[in-house]
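In what follows, every chain begins at residue 1, and chains take the letters A, B, ... in the order their sequences are listed.
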Protein chains: 2
Amino acid sequence: MYCIVHFFGRQVFFTRIFMCSGVRKDLKEARRQAMMDAAEALFLEKGYGRTSLSDIIRRSKGSRTTLYENFGSKEGLLRTIIKEACLKAQQAIQADDKPLSLTEESLVDLGVRFAAFALTPMSLAVFRIIAMERKLIPELAENFFETSILPIREQLIRRFQNSLDAEKLPCSIDRVATVFLGSILGDLHFRHSLGLSKDTPEEIREHVRSAVRIFLNGIGGVERKAA
Amino acid sequence: MYCIVHFFGRQVFFTRIFMCSGVRKDLKEARRQAMMDAAEALFLEKGYGRTSLSDIIRRSKGSRTTLYENFGSKEGLLRTIIKEACLKAQQAIQADDKPLSLTEESLVDLGVRFAAFALTPMSLAVFRIIAMERKLIPELAENFFETSILPIREQLIRRFQNSLDAEKLPCSIDRVATVFLGSILGDLHFRHSLGLSKDTPEEIREHVRSAVRIFLNGIGGVERKAA
DNA sequence: ACTTTCATGTACTGTATAGTACATTTTTTC
DNA sequence: GAAAAAATGTACTATACAGTACATGAAAGT
């Protein structure tokens, strides 16, 4: 048995593999994975509509037949990619479930990790694709939201419920969490979605720090200043 | 002279017009406008990639030749539509330049008008299209940002400069304005871009009110609470 | 009224592409 | 080691579409 392994960026696949028995499934799986990697890369790069199956086949060094056996159609491939992306997002977020105290530093850290995740080329591309193809895959749009933003919001809500006096807040805990996340991500996500700017990690941290400061003041329960 | 006027939804165009002299230019302009209306509607509905020129020609009851004479190419048509949308946005925002005091009611009103504008099907569609085609029309992406978000932010910044003591703020005035707008729009725009939910005006107002309250507390300049 | 000019409509071309059918190669089974 | 089964590669089909060329028809000038 021998195999030739190609490296294409972060993408690994096998060709010309003469195997001992029982390895077939692995090969099939490897091909499938190679196709998904290629499709993912191309969808991120050019979007769903502009990516042709031939592109994907070329890049993955696979074949049309294999693609159709694994995914059934172009749409099937898209669904698989998006689902996988959601799964990855979920795992990344769960792995990131650090204990959270309501100090500036702690919230800034949470915010920066959240922003860093949401501004990943991957996250942005998935967002764009779903925004565009939302009529094709509406249930995956929900899935995306539920596995990316919602877990973080719920983590925040739990934390707030334990530490904040709901009576003294200017609005419900749910809204507090929503407003907080929005203030962190709103501007950044909007600009990055449009490909307008690529803020440095330092700039992002500074922005998040500003948002956190205003937020912590904001839920402090002191009387407002009118001008 | 007589003309037959067709109504197709909000779209008006003329066919079979036998005119007195000098009206030709008007007809040409009407045709051009009909095409832009049709293209706009279709781009909003199906996106740029999924809309074919034949669709647009059919819907506008115009002809291929006219389309190419007016816009040169499909991309030219897209550019025209986006530019026009930016222009409309700019006008809508300028018309909306009410005097602003830093009271809760005043900021809620501003926020609600801002959100209402940004969550318009039109605004969302333009956003989606630019996000998707940003590599085709990068300068229009900038243009979009500069004519939609930026004017409002600058209006806020001017207002803040007049009324707030920069020394007492937790961060620069620019960031204050950015964070404020983000806290209002972040969550709403994200969900609406994905087509996930259609909040009622009441819900939007409640959300904006929450954001404004937290914000006004937040810039109050009091010491933060740590937990 | 006749010609010129401009606007419009339509038929066509070349290309790209999703999906299918079949041929080829590799692995398993006996 | 030959036949069967499975996986893979490739050639093809049908279609959709952007863009072009040309034909048709109406208004303007004289």
Side-chain angles (χ1 to χ4, degrees), chain A residues 1-4 6 13-35 38-39 42-43 46-81 133 136, chain B residues 1-4 6 13-35 38-39 42-43 46-81 133 136:
Chain A
M1 166 208 187
Y2 79 96
C3 64
I4 304 173
H6 297 258
F13 48 81
F14 305 84
T15 56
R16 289 296 121 77
I17 311 192
F18 302 88
M19 293 165 301
C20 327
S21 73
V23 203
R24 239 185 186 171
K25 292 262 164 62
D26 294 350
L27 175 60
K28 194 167 185 182
E29 187 48 38
R31 280 274 143 90
R32 187 187 146 89
Q33 196 55 51
M35 286 201 151
L42 286 163
F43 286 169
K46 318 202 294 177
Y48 175 69
R50 288 202 200 296
T51 303
S52 78
L53 293 184
S54 298
D55 285 344
I56 296 168
I57 291 157
R58 238 194 319 277
R59 165 104 71 138
S60 73
K61 298 255 196 294
S63 86
R64 246 181 164 62
T65 314
T66 312
L67 193 154
Y68 274 91
E69 270 183 9
N70 279 313
F71 309 104
S73 71
K74 196 186 179 190
E75 192 189 315
L77 184 53
L78 175 65
R79 300 181 103 86
T80 312
I81 300 283
E133 314 292 340
L136 205 62
Chain B
M1 167 207 187
Y2 79 97
C3 66
I4 304 173
H6 296 258
F13 48 80
F14 306 84
T15 57
R16 291 296 122 75
I17 312 193
F18 302 88
M19 294 164 302
C20 326
S21 73
V23 203
R24 241 186 185 170
K25 289 263 164 61
D26 294 350
L27 175 61
K28 192 167 187 181
E29 187 46 39
R31 277 276 142 91
R32 188 186 146 91
Q33 196 54 52
M35 285 203 152
L42 285 162
F43 286 168
K46 319 202 295 178
Y48 175 68
R50 287 203 200 296
T51 302
S52 78
L53 293 184
S54 297
D55 286 344
I56 296 167
I57 291 157
R58 237 193 320 276
R59 165 105 70 141
S60 73
K61 297 256 195 295
S63 87
R64 242 178 167 65
T65 314
T66 312
L67 193 154
Y68 274 90
E69 269 183 10
N70 278 314
F71 309 104
S73 69
K74 195 186 179 190
E75 192 189 315
L77 184 53
L78 175 65
R79 300 181 103 86
T80 312
I81 300 281
E133 314 293 340
L136 204 62

| query | In whole angstrom, what separates A:Tyr68's OH from D:dT13's P? | reply | 17 Å

| request: Calculate the interatomic distance between B:Arg58 atom CZ and C:dG9 atom C1'; express it in whole Å. | output: 15 Å

| query | If you round to the nearest 0.5 Å, how far is CG of B:Leu67 from CD1 of B:Ile56? | reply | 6.0 Å

| request: Can you figure out which of C:dA18, D:dC17, C:dT8 approaches the side chain of B:Ser52 most closely? | output: D:dC17

| request: Measure the shortest side-chain to side-chain distance between A:Thr80 and A:Arg32 over non-hydrogen atoms and say whether it is less than 4.5 angstrom. | output: yes

| field | B:Asn70 CG - C:dA7 P separation (whole Å) | value | 10 Å

| Is there a donor-acceptor contact under 3.5 Å from the side chain of A:Lys74 to the main chain of A:Ser52? | no

| said: Rounding to an integer number of Å, can you tell me how far A:Arg32 CZ sits from D:dA6 P? | reply: 19 Å

| request: Would you indicate what B:Thr65 reaches in the nucleic acid, counting non-hydrogen atoms under 4.0 angstrom: base, sugar-phosphate, or nothing? | output: base

| request: Would you indicate what B:Thr66 reaches in the nucleic acid, counting non-hydrogen atoms under 4.0 angstrom: base, sugar-phosphate, or nothing? | output: sugar-phosphate

| request: Can you measure from CG (B:Asp55) to CZ (B:Phe43) and round to the nearest 0.5 angstrom? | output: 10.0 Å

| Should A:Arg64 be listed as having a side-chain N or O under 4.0 Å from OP1 or OP2 of D:dG9? | no

| Protein-nucleotide distance (A:Leu42, atom CG; C:dT17, atom C1'), rounded to Å | 15 Å

| task | Measure the distance from CZ on B:Arg31 to C1' on D:dG25 and round it to the nearest whole Å. | result | 13 Å

| note | From CZ of B:Phe71 across to P of D:dG19 the rounded distance in Å is 14 Å

| said: With a 4.0 Å limit, can you tell me whether A:Ser63 has a side-chain N or O closer than that to the phosphate oxygens OP1/OP2 of D:dG9? | reply: yes

| note | A:Glu69 CD to D:dG9 P, in whole Å, measures 11 Å

